[in-house]
Amino acid sequence: MSEHTVKKTSTKALAAIIGASSVGTLIEWYDFYIFGSLATIISTQFFPKDNPTAAFLSTLATFAAGFVVRPFGALFFGRLGDLIGRKYTFMVTLVLMGGATFAIGLVPKYETIGFFAPLIVLILRLLQGLALGGEYGGAATYVAEHSPANARGFWTSWIQITATAGLFISLGVILLTKNSMSKESWEDWGWRIPFMVSIIMVYVSVLIRKNMSESPLFAKAKAEGKTSTNPLKESFGNKLNFKFVLLALFGATMGQGVVWYTGQFYAQTFLLKIMNVDFDQANTLLIIALIMGTPLFVFFGWLSDKVGRKPIMLAGLLLAIFAYRPIYEKMYQTANLKNKEEITAQTKVAIKATLFANSSTDSLITTTTNKFYTDGTTYKEVKKQTILAGKVESEQPKAEVAKTVKINDSDLWTLVWLVFVQLVFVTMAYGPIAAFLVEMFPVKIRYTSMSLPYHIGNGVFGGLMPAIATYLVTKAKDANDVAEKAGEAIKNTQPYLEGLNYPILIAGVCFVIGLLYIKEDRSIRD
């Protein structure tokens, strides 16, 4: 009966529904990811500058906090969605997300308000996480409940595109803004613009969404008095339904989450912080790879209607498990200066000493080194060392060192393809997931039941991935440094790959659980 209702929705009407749902979800992803895309510069704005590594890790932790809180947003807004409807709930999440993002662009720097800067940013980041926790489940449910049974994977896969499209647009806005002004202006105030312009996009999306009608399946259930009076209790207090929630989490979304964030966000972090690739080059190659990979979300969503959701998602996980280390090793060696021939005659070193304004003895020594290589690669290192009069060398502040590698066109395309391969894994694991989750739960508690495992899998397991991976790499490098200073043999010859242990482990556990315990049923439950 519900299937019959859904089939009456024409292709043209479905396209309009997808468009209205997707534009809002896309903007919410843009708002959410603009923070991660600007993590490097945010670490210099809202945190103390005396320890750049700690500041960056603190920024990643704040970024991750938005992911950790997503399950709470899923519970709160999922309950509302099952009580009052899909449409009105994700209108609220859209406005909340847009307001929090705009506000981040207004927060004063650490130098101006001290500890309150990271505190306010953390609170706003938590609000973003709550909003996104309620958005995705609503959009996926809304589209699925309009879609015909034999094409549910295809139609819901368009919602899956919005996450990657949001990242793509955030990178594009960042590059456009950054290249339209001087380096000094960008680092001083220009980085705020991508946060603030989102309010315009949110306003347009609200205008579009307010004209949407309620999901036909939910409207029918409400008219017949079959909606849930206590979605939380029925979702998680019912033993059978709770079993499906756990299976969805540990057999699907947990692995899909780490694969998604490894293939997109950790790839960006790896390029910028571990390989030291030029900011513009790193983001440009990511954009190219995203353009190439994004259509595969729809392809694998469509294919899941033909061969099933489970085999495609598990295949994506398995490929990622075995391919990550070779891929990231190749990425690292592509820009590794030890593999390139330096033109020593062209090396330039400039040293500049500047006295601090409030001191006649303390000074800042800036050493800029430029190196050139036969394959067209260039390297720039800027070392800033504060010299405090009367202090011995061990008491001097730690030097700030910024390294930038500009790769040649051939290496750039090599990296584009290596990121694209990761996006194939992402699209296989993520493309069918919305239809898969919708089909696991009945209409009256669907919003609540599917939102929680999705956002724990993506928000907690996936969202923590960049911070955990960066920490593991830093820890491995520090252990090598200690061993080297002590005159001991270095135990880990590939510390830059240590971060991959986390997604490989999580994806591996998820693959085994999904393979053994999930039985796919593509009939939608009333």
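In this chain, residues are counted from 1 in sequence order.
- Pairing each heavy atom of S198 with each of T101, the nearest pair is OG-CG2, 3.4 Å.
- More than 12 heavy atoms of other residues, nucleotides or ligands sit less than 6.0 Å from atom NZ of K109.
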Exercise for the section: Given side-chain contact (heavy atoms from CB on, under 4.5 Å), test E341 with D375 step by step and report yes or no. Expected result: CA-CA 8 Å; E341 183 180 351; D375 68 348; over 6 Å; no
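- Between V405 and K403 there is no side-chain heavy-atom pair separated by less than 4.5 Å.
- F46 is linked by a ring pair (Phe, Tyr, Trp, His ring centres under 6.0 Å) to W191, counting only residues two or more places apart in sequence or in another chain.
- When all heavy atoms are compared, the tightest approach of L423 to G263 is CD2-O, 4.2 Å.
- Annotation: K340, atom NZ; neighbour count of heavy atoms from other residues, nucleotides and ligands within 6.0 Å is above 12.
- In this structure, the side chain of N283 does not engage the main chain of L171 through any donor-acceptor pair within 3.5 Å.
- Side-chain atoms of M313 and V259, non-hydrogen and from C-beta on, never get closer than 4.5 Å to each other.
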Problem - Pair L500-Y266, side-chain contact (heavy atoms from CB on, under 4.5 Å): steps then yes or no - result: CA-CA 9 Å; L500 297 172; Y266 186 62; 4.1 Å; yes
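- To the nearest 0.5 Å, atom CD1 of residue I504 and atom CZ of residue R325 are 6.0 Å apart.
- Checked by atom type and distance alone, the side chain of R309 never pairs as donor or acceptor with a backbone atom of L437 at under 3.5 Å.
- Here the side chain of T253 pairs a donor or acceptor atom with the backbone of A248 at under 3.5 angstrom.
- Within 6.0 Å of NZ in K477 there are more than 12 heavy atoms belonging to other residues, nucleotides or ligands.
- Using the six-membered ring where Trp is involved, W260 and F265 have ring planes that are tilted, between 30° and 60° apart.
- Between D280 and K406 there is no salt bridge, since no side-chain N of the basic residue sits under 4.0 Å from a carboxylate O of the acidic one.
- For the residue pair Q385 and T367, no side-chain donor N or O sits within less than 3.5 Å of a side-chain acceptor on the partner.
- Between N336 and Q333, the closest side-chain pair of non-hydrogen atoms falls below 4.5 Å.
- The heavy-atom pair separating I506 from V258 by the smallest distance is CG2-CG1, 3.8 Å.
- In summary, the side chains of Q422 and Y328 do present a donor paired with an acceptor at a separation below 3.5 Å, with no hydrogens or angles considered.
- Between I288 and W413, some side-chain heavy-atom pair lies under the 4.5 Å cut-off.
- Checked by atom type and distance alone, the side chain of Q45 pairs as donor or acceptor with a backbone atom of E187 at under 3.5 Å.
- The two atoms that bring Y261 and N458 nearest to each other are CE1-O, 3.4 Å, heavy atoms only.
- For the atom pair CG (L318) and CZ (F511), the distance works out to 4.5 Å, reported to the nearest 0.5 Å.
- Atom CZ of F372 is surrounded by more than 12 heavy atoms from other residues, nucleotides or ligands within 6.0 Å.
- Not a single donor-acceptor pair under 3.5 Å links the side chain of T294 to the backbone N or O of I291.
- Shown here for P194 and T177, the closest heavy-atom pair between the two residues is CG-OG1, 4.2 Å.
- No side-chain heavy atom of S157 sits under 4.5 Å from any side-chain heavy atom of F300.
- Contact detail for G499 and P503: the closest heavy-atom pair is O-CD, 3.2 Å.
- The side-chain heavy atoms of T347 and E342, taken from C-beta on, include a pair separated by under 4.5 Å.
- Below 30°, between 30° and 60°, or above 60°: for W186 and F279 the angle between ring planes is between 30° and 60°, a tilted geometry.
- Side-chain contact between Q128 and V69 is absent, with no heavy atoms from C-beta onward closer than 4.5 Å.
- The closest side-chain heavy-atom distance from V424 to L319 is not below 4.5 Å.
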